[in-house]
Amino acid sequence: MSKIVPAEDANIALAAGALRRGELVSFPTETVYGLGGDAANDRAVAAIYAAKGRPSFNPLIVHVPSLAAAMELGAFSDDAQNLARKFWPGPLTLVVKRSRKCPLSLLVSAGMDSVALRIPAHPVARALLTASGLALAGPSANPSGRISPTTAAHVEEGLGDKVAMILDGGPCRIGVESTVLSLLDEKPALLRPGGVSPEEITAAIGKPVEIAAPVGDVEAGLHGPGRLLSHYAPDRPVRLNAMDAEPDEALLAFGPQVPVAKTVLNLSESGDLNEAAANLFAMLRALDRPEVTGIAVMPIPMSGLGIAINDRLARAAAPR
Ligand code: AMP
Ligand code: MG
């Protein structure tokens, strides 16, 4: 049965209810169709990664209804506020530090201290944000490696079985993704070109824009100087495929059979990989304490989200 429904008020209200229950809804933005989920709900964010089938966790853009909502989630410098006032609602995503009490899932930031925020200009996207009262994670609604969807039919074709509903707002006006600009360092850095040009950004804040490799680019991230992926690593050493824990090691467990250890957190007692992904970053952080000598991690199966989990763990365990 088709999941496509016209983006009328009654359907937007139904979609908002589904999102509040942690389900996924595809919605139109002015750039491309988004795969929306509650950005504060770890399980909903894990379901987005599972639906897209990416082999690694790339941080997701979080859509918000207002600058006030954005400023509760992230730390906005003067430049950030000026850019938001000038280009929002619109195709500019700002990467800023997560606020101290940021309630968003760590998975939406791929475990990092930053968050990517934007107010979309599409009236349906904005109506859904208002009706749900949620910040919505919304990567493009296509399976990993396929082209981005600009109609509801594209979404149905790629992800129809993964979403509760697809709100049909017609074809997207812009059709390419938003510009992603990092404001984490003194110099603004372009992580992805899009609807707003570097020249427009420079004109707005009077600063040159550095052209950076995207944070999702593993090669650049790991080897480039001072790149953002350094946030990926816990302070304590990480030991993979552990069948037991040393006396002062913390254990990150998976599944029902757990060896004895002083400090244990279980990613998923039932062996559910989506639950494990939802818990991954928060549990890694919780175990990364000064009194433990390291973090031993039990084997995680290489299927479904297990591939992305293992990718992330391999980076955490890589020699530094
Ligand atoms: P998508 O949500 O699929 O449209 O793409 C998100 C883009 O924004 C990717 O290129 C990410 O690398 C980038 N991005 C999202 N969140 C962050 C973040 N916290 N830090 C740096 N880049 C980010
Ligand atoms: Mg995409």
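When a ligand or atom number is given, it counts from 1 through the structure's own listing order. These numbers come from the heavy atoms of this one structure, side chains and all, not from hydrogens, waters or symmetry mates. The residues of the chain are indexed from 1 along the displayed sequence. Here the structure is a predicted model, which is why all the values come from computation and not from measurement.
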- request: For Ser105 and Arg43, test the side chains for any donor-to-acceptor distance below 3.5 angstrom and give the result as yes or no.
  value: no
message: Restricting to N/O/S atoms, is Asn142 within less than 2.8 Å of the Mg ion (ligand 2) or not?
response: no
message: Does only the side chain of Leu191 get under 4.0 Å from ligand 1, or the backbone, or both, or neither? Count heavy atoms.
response: side chain
- prompt: Hey, does Ser114 come in under 3.5 Å of ligand 1, counting only N/O atoms on both sides?
  reply: yes
- prompt: Under 4.0 Å from any heavy atom of Pro139, which atoms of ligand 1 are there?
  reply: 1 (P), 2 (O), 3 (O)
field: Asp272-Ser270 side chain donor-acceptor pair, cut-off 3.5 Å
entry: no
- request: Of all the heavy-atom pairs spanning Ala276 and Ile309, show the shortest one and how long it is.
  value: CB-CD1, 3.9 Å
- prompt: Short list, please: which atoms of ligand 1 are under 4.0 Å from a heavy atom of Arg192?
  reply: 1 (P), 4 (O), 5 (O), 7 (C)
- prompt: Quick one: do Glu177 and Arg118 make a salt bridge, cutoff under 4.0 Å?
  reply: no
- line: Going by the 4.0 angstrom heavy-atom rule, the piece of Ile61 near ligand 1 is both
Determine all donor-acceptor pairs shorter than 3.5 Å in which one atom belongs to a side chain in residues 82-92; sequence neighbours excluded.
{"from": "Asn82", "atom 1": "ND2", "to": "Asp78", "atom 2": "O", "distance (Å)": "3.3"}
{"from": "Arg85", "atom 1": "NH2", "to": "Gln81", "atom 2": "OE1", "distance (Å)": "3.3"}
{"from": "Trp88", "atom 1": "NE1", "to": "Leu92", "atom 2": "O", "distance (Å)": "2.8"}

